[in-house]
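Comments concern the structure below.
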There are 2 protein chains.
Amino acid sequence: MPDSAIRPRKEFGKTIAADITHRLREEIVTCSLAPGEPLRFDVLRERFGASFTTLREALTALTAEGLVDAQEQRGFRVAPVSRQDLVEVTDARVLIEVELIRRSIQRADDDWEIAVISTLHRLKRIEQRDPEHPLRDPEWKIAHRQFHQALVSACGSATLLAIRAELFDRAERYRHLSANFRPRPRDKAGEHQAIMQAAISRNADLAAQLIETHIRSTADNVAKYAGHLLEAE
Amino acid sequence: MPDSAIRPRKEFGKTIAADITHRLREEIVTCSLAPGEPLRFDVLRERFGASFTTLREALTALTAEGLVDAQEQRGFRVAPVSRQDLVEVTDARVLIEVELIRRSIQRADDDWEIAVISTLHRLKRIEQRDPEHPLRDPEWKIAHRQFHQALVSACGSATLLAIRAELFDRAERYRHLSANFRPRPRDKAGEHQAIMQAAISRNADLAAQLIETHIRSTADNVAKYAGHLLEAE
DNA sequence: AACGATATGATTTTCGAAAATGCCCGTAGC
DNA sequence: GCTACGGGCATTTTCGAAAATCATATCGTT
């Protein structure tokens, strides 16, 4: 069927609202929409070409994910950032991600192992090609997300995976926040490699510890380089 | 201001959408709307007296909470129940609730202690008054929720508390599911009392262990008495 | 009879106008 | 000068009609 022309209005089988939710989430996570920024309907209407109600639905969904802040009767705004929130998100991520990687290693099968190895491989290829500021590269971002996703994918709990995904997005926003101020990316490649090796060799304790360090040091970096952005009340 | 007449359309300062979300959540958690039941707009419109879009917003919010299942282009339905989901929710609750009670005990202050004691006191008073099938008593439900809430309230993480609250609701739905088939409520009063004592005496290990047992045995009871409802695919 | 295409009805999804609400500023009263 | 009140404007929130999509029944062909 001719779903037409230059730009398909939405992906096949999806509602416009779901599509807008996706695009809005992306813009918020990448800080293309700045933390605390008011989300007025006129502006969003123009930017996304959807009606009030459709936008409202998307904003409601993102509110539940902690990326948007709903102020009843006074509209929406991008969820503000703060040191406290960064600490909470980091703590929650450690708690859950450590548990999930343990469960994944315990229940690991061939598919899991293949997924971990291949996603890391792709990540490294992308890093080789363009070693500067990887967060600016959408491909790196996707590959990075998929590697971490693969690590926990065998945990067996869709419930916890959904929570993890939400926290990952909230943390990624902080990473983007600091990316513009960080002089050089630290050596994540080595950390990823070490995590993969621990996971593949079924060393759950080591993998858990490495993941915790990985998450915490990333957060520390954010606090270090974007600290000045975390004070606004 | 005359916000009028017989029945206020919504609570003060709240949007209709938020109000509907609240009422819908209540009906789903109490299984007044049965698991898997399709949520058609005509029906909801009549029942809640709101328009398509307002209802849609509420359903979207509840979808994010895991209480509603959105089937794109084919409407919404009450999230189905299953053994697997019950296990996941129980596991996730244990993971988070145990951690939160530890943190709460560690950071405990006077307000926390008072809240724990007084919420348990109210719970016991209600149980004395009407010892049969407490889940049918809305007051008991609220008091029960508030006691468990108080226990973890000092943990210091709004992020984890929000996740905990979501899981609590999902678990409560399973409790309601089995309430109609359970011959007699088991002795929860004693368990609550023991948890309170462990918490007040700052015995984090014991409190954590008691909470875990409490959550798991509740789930076991659900599986036992509502097992026949958890099979539908 | 079995299968596929197509029309028809039911339901969801989207839209922009209309109502409700909050905000800002100017004015009055103390 | 300062606070309280009220009008007008900006913005959000709600509504029901209209468009889009899905499910079902009907019909024609093999």
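Just so we're on the same page: letters track the sequence lines, and every chain starts at 1.
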> Just how far, in rounded Å, is P of D:dC15 from CD of B:Glu57?
Replying inline: 11 Å

> Choosing from C:dT14, C:dT12, D:dT11, which nucleotide comes nearest the side chain of B:Arg40?
Replying inline: C:dT12

> Could you give the NZ-to-P distance, from A:Lys14 to D:dC22, as a whole number of Å?
Replying inline: 14 Å

> Between A:Arg107 (side chain) and A:Ala154 (backbone), is there a donor-acceptor pair under 3.5 Å?
Replying inline: yes

> Between B:Arg74 and D:dT21, does any side-chain N or O lie under 4.0 Å from OP1 or OP2?
Replying inline: no

> Atom CD of B:Gln71 to atom C1' of C:dT11: distance rounded to whole Å?
Replying inline: 13 Å

>> With a cut-off of less than 4.0 Å, is there a side-chain N or O of B:Arg45 near OP1 or OP2 of D:dG16?
In response: yes

> Which part of the nucleic acid, if any, lies within contact of B:Thr54, taking any heavy atom under 4.0 Å across all strands shown: a base, the sugar-phosphate backbone alone, or nothing?
Replying inline: sugar-phosphate

> Atom CZ of B:Arg56 and atom C1' of D:dC15: how far apart are they, to the nearest Å?
Replying inline: 15 Å

> Given atom CD of A:Glu72 and atom P of D:dT13, what is their separation to the nearest angstrom?
Replying inline: 8 Å

>> Just to be sure I understand the rule, does B:Leu39 reach a base, reach only the sugar-phosphate, or reach nothing, if contact means heavy atoms closer than 4.0 Å?
In response: sugar-phosphate

> Can you name the residues that form a side-chain hydrogen bond (donor to acceptor under 3.5 Å, both in side chains) with B:Asp137, not counting sequence neighbours?
Replying inline: B:Arg129

>> From CZ of B:Phe48 over to C1' of D:dC15, roughly how many Å is that when rounded to an integer?
In response: 18 Å

>> In this structure, how many angstroms lie between the C1' atom of C:dG16 and the CG atom of A:Leu55, rounded?
In response: 12 Å

> Thinking salt bridges, do B:Glu72 and A:Lys14 make one under a 4.0 Å N-O criterion?
Replying inline: no

> Reckon B:Phe52 touches a base, only the sugar-phosphate, or nothing at all at heavy-atom distances under 4.0 Å?
Replying inline: base

> Nearest nucleotide by nearest heavy atom, which residue falls closer to the 5' end of DNA chain C, A:Ala50 or B:Phe41?
Replying inline: B:Phe41

> With a 4.5 Å heavy-atom cut-off, do B:Asp91 and A:Glu99 have their side chains touching?
Replying inline: no

>> How many whole angstroms separate atom CG of B:Asp19 from atom P of D:dT13?
In response: 14 Å

> Of the nucleotides D:dT11, D:dC15, D:dT13, which has the atom closest to the A:Asp42 side chain?
Replying inline: D:dT11

>> Main chain of B:Ala34, side chain of B:Glu37: is a donor-acceptor contact present, judged purely on distance under 3.5 Å?
In response: yes

> Choosing from D:dG16, D:dT21, D:dT13, which nucleotide comes nearest the side chain of B:Thr53?
Replying inline: D:dG16

